[in-house]
Structures are given as C-alpha cells and as structure tokens.
**Q** 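This structure is in structure tokens; I'll ask about it shortly.
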Amino acid sequence: MTENKSNGYDPSPDQVAPSPLPSDPDRARQLLSNPHGIDRSAEHWVDSLLPPRGFTRDFVHTAVQTSEGHAVFHVHCALALLSAICPTHLAITTFNANVHPTLFAFLVGDPGRSRKSHSITRVQRILTAVASDRLGPNPGSPEAFMDHLTAKQHQLVVYSELGVFFSQTQNGYMAPLKTIYMAGFDGTPLERVTVRKKGIGQASSQKDPRLSILGGIAPALLERHGDELDWRTGFLSRVLFAYESPTCEYGPDEAHVIVDEESIQRQAQKLYESATLAGIGQPKPAIGFTSDIKPFARTFHEEITKYSFSEQKSGIAARSYTLFAKVALLYAWELGYASYEKPWLIPAEAAIPAMNVVRRHLVAARKLSQNLCFTLEERELTKVFNAVGIEPTPLHMILERAFMTKRKTQQYLETLVGMRWINREDLPGVDLTYSKRKGVEVSPDQLREAAKAAGFPSSPQVSAEPSPAPVIVSPEDLWSFPEDV
C-alpha cells in the first residue's frame, strides 16, 4: 500500500477554499485582520474544524490514526454521534422558533477507494455500545418507520450505502419515506391513522421528532437520483456534505483496515463521559451567540453570498446558516456551555469551528453540484454521451450502457452529432458506430443546454407551483448577539 503520510491532514490547495480560521478566537481574530497572510503552520487544518477539547477532537484524531477514511469523514461521523446522544430538547432559538441539532450527514466518495463504510461502521459500533436505543433501523416501509419514530422520538439512522435508500424512494411505495425523514429533521409533528374495515383504526403520532441520518454514497448514484426539487427546497438541501479524495491508494489485495477494538471501546467510554459531563437532562435553549463572533459571522456571510450556486441549488447556500447553528449548538453542548437554569449563549470556541465545518461543506456541495443533472432529459442525455467512447462504439454497445430504448438513444445521439461533440460512422455492412470528437471538452452545463434541444417533452413537475428559492439573510437578521443573558 502506498500511503499518504499526512493521512488526510494535508489536502491539496483546491480542497481547502476558503482557508479555515483557527478554533482559537484570538488567533482567528488576528488572521481575520490579515486574510491574505494566513499561516496554517500553527495547527493542522483539520483542527480548525474541531472544538478545542472533548470527545469530537479525541474521536477524529484517534480515527485518523486507526482507520483509512478521510479526516473530514470522521468529523461528520463525530457530529452524527453527538446529534444522537445529545439531550432531545437541546435547541437554539431563531426567528422565534427552536432549531434542534438534527443532521443529515452524507459522506460522498468513490466506492472502495474513499473508505466511507469503515468510517460509518465505527459510528454504529460506538453508538450501539453507548445508546443502542437511539440507533434507528433501515425501514422496510414508511408506515413501519413512522411507528418506530412514534415509539422512539430521538433516532440516528445509519446507511452504509445511501444508494439503496434513494433508489427505493425515487418513486412508488417507499417515496413517502423522504417526507417522514424531512419531518423528523425539522421537528415537524407526524401522525398516522391505521385503516380498518369497519371504522377508524388506531392513531399514532410523534409531536416533536428528532431524526438524524449518517450515510455514504457514490457521486454517480447521487447524480442519478438527485432531482431539482430535492436540491432546491427538499431533502438534499438539508444535507451536510463531505466530499473528499481518498487519503490512500490501494493495490488489488491491499484494501483492508485493522479493527482496533480497544480504540472503539475507549471512544465509546469517552462519548459516555462527555455526555454525562455536558448534561443529559433538558437544557434551556440557547438564545444566540456571544458578541465576539460578530466579525467572523459577517465574513462567513460574505463568503456564502459569493458562492455561485444555480437557482436550482440555491437552497444549499440558504440552509448553510441553519447547518452552522446546528453544528455550533452540538459543539457548545459538548464543551459544557449548555445551561439548565437559564437561557445561554454559544461562545466563539464552538462557533468558529462550526463555521469552518460549513465552509468545507459548501466547497463539497459546489464541487458536487457542478456535475449534477436534474431533469430526466438531462440525465438521459448525459448517460448517452458517457456511453460513447473515444474509439468508435457500436450502437448496440451504447444501448447496453445507457439502458434506454433504441428510439430515445438514437434521438439523443443525433442531438450530440448536431452539436459536433461526437462523430457518426455509417458504413455499408458495418454496425452504426459513434465516437467522441478528439480534443472537444463538454461541460455539464453544455449537456444541460443540449438536452433542451433533444425533442422530448419536459419531465412533469412534482409541484405545479415550485417553491421560491430561499432568501439569504444577513447575520444580524438571523442570529442574535445579546450583550447579557
């Protein structure tokens, strides 16, 4: 095995943009005053995503040394564990409503090489040892999971492969499960009434659910199953993404990980102790942030507004404020700032690393969204284009790769020929072949535009009146900075 000695601690420059601020407020303030002279030599970049002490920091540093997943994957795994073990009514009040630290944390990476499953398995084993009642099942039906969430209010559902979930919920019987998951994330009341032959059946409800999800998925599967409504206002706009390159390269017989049972048990004990020290009762809600994070909040807001997300994906940027509040709330609780007697404020040592987590998420989301298609026509045209090779590719092979009807495939092929992106060879006695034009690079945006010329009717919209794009607000509008509590 040829291993990168940094093991995830030293990413290439394009992986870290913008540069994270250190978790120490004084150091962060110094660097903020000189943004073009940031010196990262004082600490590993991953430490900028972590609180200065506690379970999360210990978990990530231990996991980096004892497993093969990327360091950012471990940060998301630690946050998923905190969201599962924290008090059910932990909250921060914004817009006269309580935001709870539920998370949908997705680890995105290529199968095998990114080692997503190893990171996720560690979470399952630790939570099973500490609080197995908060480890939710992978549901076989929407009704079964609704009943489960009714009985157990606070759950973390873990998927080693989210592609199964997305394929099940794209259409048909399992589709309502996405709606139930979103309600559990938002804390929206859920109710189900069973049907009987005579009269009304038994009613079950959960007025205040808490549902988090941790899962891994390959970029290709996310592209195949993610639609416009999901990204704009729905399921995927709620996700905290980690999309990282693998930290190691493996030979054909070298993909393995040493299971360190001792470190698993030690981290389980550390999580239990941290939860006990932080408090497992029901704290008062946080009512804002300490005023010393104002300059960081404004810089954070300016960065978000500069991210170039399309209108379809504008929900990613708008929801980043809520994701920040959730991560900061978890860090503040872990550090022992949650008060059980009066409303309290989230300090800078929890808020600054939380901002850095969300900044990293925005880099990942933007990188992912640049390659995602949304309408049926866009996905189909992209599949046909990808099915054509540099060398002449017979039509029958393209049909097998694209897995579409011959009529549709040929119409998309003719569109691509008309755009001068592929060549067609129609020789007597030889199967019709197509090949990509050498030296021609085609971007996802160009493919999306070409899809409009394919001649098929537009895909039906889920809603006749799509929800408007969320509005990005200023930090002063979203967060409160009380001087005294």
Side-chain angles (χ1 to χ4, degrees), residues 8 46 49-51 55-56 59-60 63-64 67 69-86 90 99-109 114-127 131 134-136 138 154-166 178 181-182 184-186 210-219 221-222 226 230-231 234-244 267 271 315-316 319-331 333-334 353-365 367-368:
V46 73
L49 311 180
L50 307 173
F55 165 77
T56 301
F59 174 91
V60 172
V64 163
S67 68
H70 197 280
V72 177
F73 287 176
H74 300 313
V75 174
H76 283 230
C77 287
L79 287 168
L81 281 168
L82 291 181
S83 72
I85 202 72
C86 72
L90 183 66
V99 173
H100 299 278
T102 50
L103 290 175
F104 288 176
F106 285 13
L107 314 184
V108 184
S114 61
R115 322 307 279 172
K116 304 182 300 290
S117 297
H118 291 156
S119 304
I120 293 169
T121 299
R122 179 179 291 263
V123 170
Q124 290 177 300
R125 293 173 63 183
I126 291 175
L127 189 57
R134 291 196 174 180
L135 184 60
N138 290 168
H154 193 152
Q155 297 287 288
L156 171 67
V157 176
V158 178
Y159 288 91
S160 59
E161 180 47 72
L162 277 160
V164 176
F165 163 75
F166 278 108
K178 269 188 187 177
Y181 278 4
M182 287 190 287
F185 177 91
D186 296 334
R210 301 282 182 274
L211 178 66
S212 295
I213 297 174
L214 172 67
I217 189 167
L221 289 175
L222 193 60
D230 260 351
W231 283 98
F235 189 84
L236 290 174
S237 68
R238 291 166 166 81
V239 171
L240 184 69
F241 285 105
Y243 182 31
E244 306 293 340
Q267 289 182 322
L271 178 61
I316 297 172
R319 287 187 189 273
S320 59
Y321 295 106
T322 302
L323 291 176
F324 157 72
K326 288 171 177 279
V327 175
L329 187 60
L330 287 171
Y331 281 168
W333 169 74
E334 179 190 8
M355 286 181 195
N356 289 332
V357 169
V358 176
R359 296 165 94 206
R360 190 97 184 181
H361 150 76
L362 287 169
V363 173
K367 190 162 56 172
L368 279 168

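Heavy atoms only: backbone and side chains are in, while hydrogens, waters and symmetry mates are out. Along the sequence shown, residues are numbered consecutively beginning with 1.
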**Q** Any chance you could measure L162, atom CG, to I120, atom CD1, to the nearest 0.5 Å?
**A** 7.0 Å
**Q** When you compare the side chain of I316 with that of H361, does any pair of heavy atoms fall below 4.5 Å?
**A** yes
**Q** Is any side-chain heavy atom of H76 less than 4.5 Å from a side-chain heavy atom of F106?
**A**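 No, side chains not in contact.
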**Q** How close do A242 and V72 get, counting heavy atoms only, and between which atoms?
**A** CB-CG1, 3.8 Å
**Q** Which pair of heavy atoms, one from V108 and one from L368, lies closest together, and at what distance?
**A**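 Of all heavy-atom pairs spanning V108 and L368, the closest is CG1-CD2, 3.7 Å.
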**Q** Atom CG in L82, atom CD in E334: separation rounded to 0.5 Å?
**A**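 Going from the CG atom of L82 to the CD atom of E334 covers 5.0 Å.
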**Q** Identify the heavy atoms of C86 and P101 that sit nearest to each other, and give their distance.
**A**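 Answer, listing the atom of C86 first, then P101: SG-CG, 3.8 Å.
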**Q** Pick one: which of L79, N356, L49, V75 meets side-chain contact (heavy atoms from CB on, under 4.5 Å) with V327?
**A** L79
**Q** Looking at side-chain heavy atoms only, is the closest gap between V357 and F324 below 4.5 Å?
**A** no
**Q** If you apply the rule side-chain contact (heavy atoms from CB on, under 4.5 Å), what do you find for V64 with V46, and how did you get there?
**A** CA-CA 10 Å; V64 163; V46 73; 5.9 Å; no
**Q** Taking atom CG of L107 and atom OH of Y243, what is their separation to the nearest 0.5 Å?
**A**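 Nearest 0.5 Å value for the CG-OH distance: 13.0 Å.
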**Q** Roughly how far, to the nearest 0.5 Å, is the SG atom of C77 from the CD atom of Q124?
**A** 10.0 Å
**Q** Do K116 side-chain atoms and G109 backbone N/O form a donor-acceptor pair below 3.5 Å?
**A** yes
**Q** Compare all side-chain heavy atoms of K178 with those of F166 and state whether any distance is below 4.5 angstrom.
**A**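 They are in side-chain contact.
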**Q** Do the side chains of T121 and S160 get nearer than 4.5 Å, heavy atoms only?
**A** no
**Q** I need the R122 CZ to F59 CZ distance, nearest 0.5 Å.
**A** 6.0 Å
**Q** Please give me the minimum heavy-atom distance between S83 and A80, naming the atom from each residue.
**A**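 Closest approach of S83 to A80: OG-O, 2.7 Å.
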**Q** Would a 4.5 Å heavy-atom cut-off, applied to side chains only, mark R125 and Q267 as touching?
**A**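 The answer is no, as the side chains (C-beta and beyond) never meet within the 4.5 Å cut-off.
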**Q** Would the distance check show the side chain of H100 and the main-chain N or O of L90 forming a donor-acceptor pair, the cut-off being under 3.5 Å?
**A**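 Pair found, side chain donor or acceptor close to backbone of L90.
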**Q** I'd like to know if the side chain of N138 reaches the main chain of V158, judged simply by a donor and an acceptor atom lying under 3.5 Å from each other, with no hydrogens or angles considered.
**A**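 Checked: pair present.
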**Q** F165 versus I213: any side-chain heavy-atom pair under 4.5 Å?
**A**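 No, every pair of side-chain atoms sits at 4.5 Å or beyond.
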**Q** A71 and V60: which non-hydrogen atoms are nearest, and at how many Å?
**A**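 Looking at all heavy atoms of both residues, the closest pair is O-CG1, 4.2 Å.
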**Q** Could you state the interatomic distance from CG (L127) to CD1 (I85), rounded to the nearest 0.5 Å?
**A** 6.5 Å
**Q** Quick one, L156 and R134 - any side-chain contact, counting heavy atoms below 4.5 Å?
**A** no
**Q** Would you check if the distance from the ring center of F235 to the ring center of F104 is below 6.0 Å?
**A**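 That pair passes the under 6.0 Å test.
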**Q** For L236 versus F241, what's the shortest heavy-atom pair and its separation?
**A** O-CE1, 3.9 Å
**Q** Without swapping roles, check the side chain of H74 against the backbone of T56 for a donor-acceptor pair under 3.5 Å.
**A** no
**Q** What do the steps show when you test L135 against Q155 for side-chain contact (heavy atoms from CB on, under 4.5 Å), and what is the final call?
**A** CA-CA 6 Å; L135 184 60; Q155 297 287 288; over 6 Å; no
